[in-house]
Amino acid sequence: MTRFQEKVYNIVRTIPCGRTMAYAEVAKAVGRPRAYRAVGNALNKNYDPIVPCHRVIRSDGKIGGYNRGQKLKEKLLCEETR
DNA sequence: CCCCTGACACTTA
DNA sequence: ATAAGTGCCAGGG
């Protein structure tokens, strides 16, 4: 586990319910505003349920991807954003 | 060390 | 508004 991913997971973990963060936002939080690609990579490799990666969406407001299936991510967001 | 990949973002056509 | 191209960062082979 690299420090980068560790930081990314930490940030994503701080995302409260009904709240979403863009990959760029997380990247800025970790100190790499231009590393949104790496952030997505980290989350993609991450399979830990302790990290609400489904709260992380694209800056466009789109769902983006999810290691468990975007459909599920969309559903989860809808449920908690409710 | 170099090349490829990836859950993105921005610019231009 | 949508599609395609380019730029970016980190990890793995």
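Naming: A, B, ... by sequence-line order, numbering from 1 per chain.
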Quiz item: If you measure from the Lys or Arg side-chain nitrogens to the Asp or Glu carboxylate oxygens, is any gap between A/K71 and A/E74 under 4.0 Å?
Solution: no

Practice problem: Answer with base, sugar-phosphate or nothing: what part of the nucleic acid does A/F4 contact at a heavy-atom distance below 4.0 Å? | Solution: sugar-phosphate

Quiz item: What is the minimum heavy-atom distance between A/A22 and A/V56, and which atoms define it?
Solution: C-CG1, 4.2 Å

Exercise. Could you tell me the separation between the NZ atom of A/K45 and the C1' atom of B/dA7, rounded to a whole number of Å?
Key: 12 Å

Self-check item: Donor/acceptor link under 3.5 angstrom from A/Y23 side chain onto base of B/dA7
Solution: yes

Quiz item: For the pair made of CD in A/Q70 and P in B/dA7, what is the distance, rounded to whole Å?
Solution: 10 Å

Quiz item: Which atom names give the shortest non-hydrogen contact between A/R58 and A/Y23, and what distance separates them?
Solution: N-CE1, 3.7 Å

Self-check item: Whole angstrom value for the distance that separates C1' of C/dA10 from CZ of A/R37
Solution: 11 Å

Quiz item: Which sits closer to the 5' end of DNA chain C, A/Y36 or A/R3, going by the nucleotide each is nearest to?
Solution: A/Y36

Quiz prompt | Length of the CG-P vector between A/N46 and C/dG11, whole Å | solution = 14 Å

Quiz item: Which of the following nucleotides, C/dG11, C/dC9, B/dA7, is nearest to the side chain of A/R32?
Solution: C/dC9

Quiz prompt | Nearest atoms (heavy-atom pairs only) where A/R55 meets A/I15 | solution = NH1-O, 2.6 Å

Quiz item: Whole Å only: how far is the CD atom of A/E74 from the P atom of B/dA7?
Solution: 17 Å

Self-check item: Separation of atom CG in A/N67 from atom P in B/dA7, rounded to whole Å
Solution: 11 Å

Exercise. Inspect the surroundings of CZ in A/R13 and state if more than 12 heavy atoms from other residues, nucleotides or ligands are less than 6.0 Å away.
Key: yes

Quiz item: For the pair made of CD in A/Q5 and P in B/dA7, what is the distance, rounded to whole Å?
Solution: 14 Å

Quiz item: A/R58 CZ to B/dG6 P: how many Å, rounded?
Solution: 15 Å

Quiz item: Across the strands shown, which category fits A/A38 at heavy-atom distances under 4.0 angstrom: base, sugar-phosphate, nothing?
Solution: base

Quiz item: Looking at C/dC8, does its base get a donor-acceptor pair with the side chain of A/R34 below 3.5 Å?
Solution: no

Exercise. Select base, sugar-phosphate, or nothing to describe what A/D60 touches, counting heavy atoms under 4.0 Å on all strands.
Key: sugar-phosphate

